[in-house]
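We count ligands from 1, going down the list as the structure has it; atoms in each ligand are counted the same way. Positions are given from 1 along the sequence.
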Amino acid sequence: MDMTTATLAQQQPNSDSAARKAFYDAIAVHSLTPLWEVLHALVPTSPNTPCVPAFWKYADVHPYLMQSGELITAEEAVRRVLILENPALRGRSCITQSLYAGLQVILPGEIAPSHRHTQSALRFVVEGSGAYTAVDGERTEMKPGDFIITPSWTWHDHGHQGGQPGYLDSDAPVVWLDGLDIPMLQFFDAGFAENGNAKSQAVTKAQGISSARYGANMLPMRYDAPFGQTSPIFSYPYERTREALHELETHADIDAWDGVKLRYVNPATGGSPMPTMATFMQRLPAGFSGKPYRQTDGAVFSVVEGTGSVTIERNGQISTFEFGPRDHFVIPSWHTAQLHSAQGCVLFSFSDRPVHQALGIHKEERVS
Ligand code: GTQ
């Protein structure tokens with residue numbers, strides 16, 4: 001040991017805060033920063049999301065959706081959407097750190113022009129009839145409660161046929177919830193997009209062909225995975241989901257946390273419909289008082305039918321939202337949630353669970 005090392009080893013560290021501050025300032029010039037000041041925040045003892053629980057009552061949001069229709073056309077806006085922005089993450093266009101949600105409005109006669117992007121999208125139809133979405137040459141009707149997918153990098157446009165033959169009664173705006181993995185792709189810096197050269201893409205397939213080919217609990221003899229890891233079924237009609245949940249509520253055990261809850265699947269894999277987002281539909285029977293649970297995947301809810309309430313707790317902070325049809329709310333990561341319904345209700349939800357599962361970091365805790 002030479003003298004210099006010996007001297008250094010024996011010295012007490014200079015814990016003077018002014019000395020440390022001077023040191024931090026000196027290293028900052030070299031794009032360096034001390035881990036020890038941020039270690040606890042970087043590696044928390046449990047998930048410590050900046051997101052907060054939030055609630056969007058449809059009666060409050062609806063007038064603004066309609067006003068947006070007076071301010072801008074779907075064509076000029078490209079997508080006329082009011083983003084559901086987490087109140088703790090204003091300016092970041094996201095509802096959780098990894099998910100985007102918004103309410104899109106289309107008026108009779110309008111077209112939201114064709115484009116494609118690497119972000120995956122889900123549509124959950126909130127109200128109205130007469131609209132369609134087109135994906136990869138096939139159109140599907142949008143009816144309330146339907147869950148529809150736009151796979152990554154597929155051309156898609158939306159239109160409202162109200163006023164046209166066969167759609168004379170559909171004179172009201174159609175509103176749906178958009179759920180996209182925008183923040184995730186932003187995080188990975190992996191977003192690409194292109195505009196189509198026609199407002200509406202050419203219809204090249206019969207309506208219902210995907211559902212016949214992939215959605216009848218059967219698959220083609222030589223399955224071709226037309227959308228890669230994404231489900232080949234791009235519309236999951238509410239009619240069938242509702243019927244399944246109703247049967248289960250009547251004839252099967254009710255889960256003490258979830259009521260009757262099913263997950264949507266990619267029929268070819270049994271996995272989630274999209275690689276980045278899982279979707280769920282659940283029915284809470286009348287008189288349901290759910291037990292508390294928490295999970296690492298923050299989840300966005302759209303109320304389909306009925307009424308109820310959700311209590312969300314984290315570190316002693318409690319929020320309670322009384323919900324009814326077309327209301328939306330978010331339960332952030334690792335917040336303890338409890339669902340209640342006196343009357344009975346149906347809830348759609350989506351989260352980034354498949355990503356947690358792919359990374360082996362998904363965690364769920366069900367409190368008895
Ligand atoms: O419908 O393609 O809410 O590209 C945000 C981005 C909807 C869409 C959104 C989009 C879309």
Practice item. Report yes if some heavy atom in the side chain of H158 is under 4.5 Å from a heavy atom in the side chain of W176; otherwise report no. Key: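 Yes, their side chains come closer than 4.5 Å.
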
Hey, is [X] close enough to [Y] for a salt bridge, meaning N to O under 4.0 Å?
X: R123; Y: D178; result: yes
X: D25; Y: K21; result: yes
X: E364; Y: R294; result: no

Review point. Are the ring centres of F147 and Y264 closer than 6.0 Å?
Key: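 Yes, they do, as the ring centres are separated by less than 6.0 Å.
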
Check your understanding: Protein residues near ligand 1, heavy-atom distance below 4.0 Å?
Key ->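 Ligand 1 is contacted, at a heavy-atom distance under 4.0 Å, by R79, V81, Y100, Q104, H115, H117, R123, H156, H158, D178, L180.
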
**Study point:** Cationic tip of R366 above Y293 ring, under 6.0 Å, 45° of axis
**Key:** no

